[in-house]
Amino acid sequence: MNKPKTIAFETLGCKLNFSETEAISRQFNGHAYKQVGFNEPADIYVIHSCTVTKNADKRTRGLVRQAMKTNPSAHVVVMGCYSEISPGELMAVPGVSMVLGNTEKYQLPAHLNHLEDRTAERIIDPGKKEASATFVPTYSLGNRTRSFFKIQDGCDYKCAYCTIPLARGPSRSDTIRDTLATARLIATSGMKEMVLTGVNIGDFGKPHGETFFGLLQELIKLDGPGRIRLSSIEPDLLHDDIIHLVADEPRLMPHFHIPLQSGSDKILRDMGRRYNTELFANRVAVIRQHIPHACIAADLIVGYPTETEEDFETSRRFIEQTDVSYLHVFPYSEREHTRAMKSPQQVSPDKRKERSKIMQRLSKEKKTQFLNKQKGLKTNVLWEKIRHGDYMYGFSENYIKTKTTFQPEKVNTIEPVILNKQDENGVYIV
């Protein structure tokens, strides 16, 4: 009997990537392969890449070096968005044996059959138009408590700084009927929470004349999982009916992640965004009116090429005056094939870092204010399996991190709690 080959997976980037990696890795369950940790010696290392920033590209290349250091004779396969955008660049990295685009990665087991064939084509052509228009639903199960469920892929937006439409193709999704069929599989897994993920989940159903709101109406009728959480949703697609449904339906978590990118209307226009600050502020106000305790996170890019000091200050004041819970701050990162990179204006890297630090401080202040307002809140916490010292951690319905003394029987259970005491990091102790 042949000894099974060992294979290790590592994922960079968004929840969507994690969902896809798990679905792809499940194809290797069986006698032909044995999955090991990425830090362990393996015959094959698979890196699911991200290319949203230069740092993401750098991290991918660093993982290749790490894999080759662990086992110099291993094969390294890189798949995903970086592979789709820059396959030649990746093939030039010492140790990379194969590059798979976002279409080809789902056939990873078949492609691995060619690794030993030195005459085989070593770059699998990514970006086939007819293939990139198909939708492949995926979901994760390894977390044991939360499943990242991919309901949508691709993007039809043409933002000036972003390569994701090039890497992921056009917006697409299954029908509501087929999406519910996949959701039922997750429901039977024992997961307590389903996180709806995608590149632009608010665009769900567009190819079929259906809507994201219509999907939510059907998902809440399923027997499980008990909690449904939304991932990032564009402000122009976060309609009142969605907010009202989250407010009225206990199974929909009061947690919103809304990309802002800039608090300056001028910069939003330069970026090619499909909303202005007035619309964003209105979305936040409607949420606060109907769900006062909701967590509202916002993405922000600082140092965009045309962002002047006045634009940055306008953005800072807008965020200061808007009742968001915290920010995800990203310094602008040049990306090939984007309009923004061609701009004659550019903000220096040092200035980007400076502005990032200012916004991160503002985010910390916002988060402290939000957490302090939650004191006395009656909520339900889903306890995770991860243990740190004597404590286990979980998240409330509105995504507040909590901890309690480790009790193994509580893993993957939902417990009603009252938030009263915080530790030095702002984590509530219950």
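Everything numeric here is computed off the predicted structure, so don't read it as measured data.
A heavy-atom distance below 4.5 Å is not found between the side chains of K373 and H293.
Looking at S97, its side chain never comes within 3.5 Å of a backbone N or O of V77 through a donor-acceptor pair. In this structure a side-chain-to-backbone donor-acceptor pair under 3.5 Å is present from S25 to E22. In this structure, the side chain of T60 engages the main chain of A56 through a donor-acceptor pair within 3.5 Å. Panel note: side chain S363, backbone Y326; no donor-acceptor pair is recorded below 3.5 Å. In terms of modelled atom types and a separation under 3.5 Å, the side chain of T21 and the main chain of N17 share a donor-acceptor contact. Of the possible donor and acceptor atoms, none in the side chain of R146 sits under 3.5 Å from a partner among the backbone N and O of L141. Between the K34 side chain and the N29 main chain, no donor and acceptor come within less than 3.5 Å of each other. Checked by atom type and distance alone, the side chain of Q369 never pairs as donor or acceptor with a backbone atom of K366 at under 3.5 Å. Side chain of S231 to backbone of L196: a donor-acceptor contact under 3.5 angstrom is found. With R229 contributing its side chain and E397 its backbone, the two residues share a donor-acceptor pair below 3.5 Å.
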Problem set entry | Step-by-step side-chain contact (heavy atoms from CB on, under 4.5 Å) determination, Y161 to M341 | CA-CA 7 Å; Y161 54 85; M341 192 170 177; over 6 Å; no
Exercise. Which is it for I228 and V195 under the side-chain contact (heavy atoms from CB on, under 4.5 Å) test, yes or no, and what are the steps along the way?
Worked result: CA-CA 6 Å; I228 302 171; V195 184; over 6 Å; no
Problem set entry | Derivation of the side-chain contact (heavy atoms from CB on, under 4.5 Å) call for Y391 and V427 | CA-CA 12 Å; Y391 289 99; V427 178; over 6 Å; no
For this session: With salt bridge (charged side-chain N to carboxylate O under 4.0 Å, His left out) as the test, would you mind laying out the steps for E365 and R361 before giving the verdict?
Result: CA-CA 6 Å; E365 293 170 7; R361 285 197 296 269; over 6 Å; no
For this session: Under the salt bridge (charged side-chain N to carboxylate O under 4.0 Å, His left out) rule, what do R283 and D240 come out as? Steps first, then yes or no, please.
Result: CA-CA 8 Å; R283 297 299 79 203; D240 282 357; 2.8 Å; yes
For this session: Show your working on side-chain contact (heavy atoms from CB on, under 4.5 Å) between F204 and I176 and close with a plain yes or no.
Result: CA-CA 9 Å; F204 173 90; I176 289 177; 3.6 Å; yes
For this session: Step by step, work out the salt bridge (charged side-chain N to carboxylate O under 4.0 Å, His left out) result for E415 and K192.
Result: CA-CA 12 Å; E415 180 182 18; K192 293 296 193 294; over 6 Å; no
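Side-chain contact annotation: N282 with Y275, donor-acceptor N/O pair under 3.5 Å absent. With no hydrogens or angles considered, no side-chain donor-acceptor pair links R273 and S262 at under 3.5 Å. Using modelled atom types, one finds no donor on one side chain facing an acceptor on the other under 3.5 Å when comparing S140 with S19. Checking Q66 against N39 by side-chain atom types alone, a donor-acceptor pair falls below 3.5 Å. The closest side-chain donor-acceptor pair between S171 and Q152 falls under 3.5 angstrom. With hydrogens and angles left out, the side-chain atoms of S333 and T53 include no donor and acceptor closer than 3.5 Å.
Considering every non-hydrogen atom in both S315 and G263, the closest pair reads OG-N, 2.8 Å. Minimum heavy-atom separation, G80 to S49: C-OG, 3.7 Å.
With sequence neighbours left out, the ring-ring contact (aromatic ring centres under 6.0 Å, His included) criterion links H290 to H244. S396 pairs by the side-chain hydrogen bond (donor to acceptor under 3.5 Å, both in side chains) definition with N398, not counting sequence neighbours. The side chain to side chain contact (heavy atoms under 4.5 Å, CB included) test applied to A42 returns T6, A8, V36, Y45, not counting sequence neighbours. Shown here are the side chain to side chain contact (heavy atoms under 4.5 Å, CB included) partners of V52, two or more places apart in sequence or in another chain: C50. When the salt bridge (charged side-chain N to carboxylate O under 4.0 Å, His left out) test is applied to E89, the partners found at least two apart in sequence or on another chain are R61. Residues that satisfy the side chain to side chain contact (heavy atoms under 4.5 Å, CB included) test with T175, not counting sequence neighbours, are R177, D178, H208, E210. Not counting sequence neighbours, the partners of Y304 by the ring-ring contact (aromatic ring centres under 6.0 Å, His included) test are Y332. Taking the side-chain hydrogen bond (donor to acceptor under 3.5 Å, both in side chains) definition, one finds that R288 meets it with D323, S325, sequence neighbours left out. With sequence neighbours excluded, no residue forms a salt bridge (charged side-chain N to carboxylate O under 4.0 Å, His left out) with D223. Residues satisfying the side-chain hydrogen bond (donor to acceptor under 3.5 Å, both in side chains) criterion with R251, sequence neighbours excluded, are absent altogether. When the side-chain hydrogen bond (donor to acceptor under 3.5 Å, both in side chains) test is applied to T179, no partner is found at least two apart in sequence or on another chain.
Distance check: T11 OG1 to I47 CD1 gives 10.0 Å after rounding to the nearest 0.5 Å. Separating the CD atom in Q374 from the OH atom in Y428 is a distance of 6.5 Å, to the nearest 0.5 Å. Taking CD1 of I233 as the start and CD1 of I201 as the end, the distance is 5.0 Å to the nearest 0.5 Å. To the nearest 0.5 angstrom, L268 atom CG is 7.5 Å from N276 atom CG. The structure places CD1 of I151 at 10.5 Å from CG of D203, a figure rounded to the nearest 0.5 Å. With rounding to the nearest 0.5 angstrom, the OG atom of S83 is 11.5 Å from the CE atom of M98.
A cation-pi contact links K150 to F135, judged by a cut-off of 6.0 Å to the six-membered ring centre and 45° from its axis. Y393 does not carry R387 over the face of its six-membered ring by the limits of under 6.0 Å from the centre and within 45° of the normal. Judged by the 6.0 Å and 45° rule, R274 forms a cation-pi pair with Y157.
Aromatic rings of H239 and F213 (six-membered ring for Trp) have centroids beyond the 6.0 Å cut-off, not under it.
Between K105 and the choices H111, E20, E84, the side-chain hydrogen bond (donor to acceptor under 3.5 Å, both in side chains) rule is met once, by E20.
For L185, the CG atom sits in a packed shell: over 12 heavy atoms of surrounding residues, nucleotides or ligands are nearer than 6.0 Å. Around atom CG of D390, no more than 12 heavy atoms belonging to other residues, nucleotides or ligands sit under 6.0 Å away.
Listed by first and then second residue, the side-chain hydrogen bond (donor to acceptor under 3.5 Å, both in side chains) pairs involving residues 399-408 are K403-D423 (not counting sequence neighbours).
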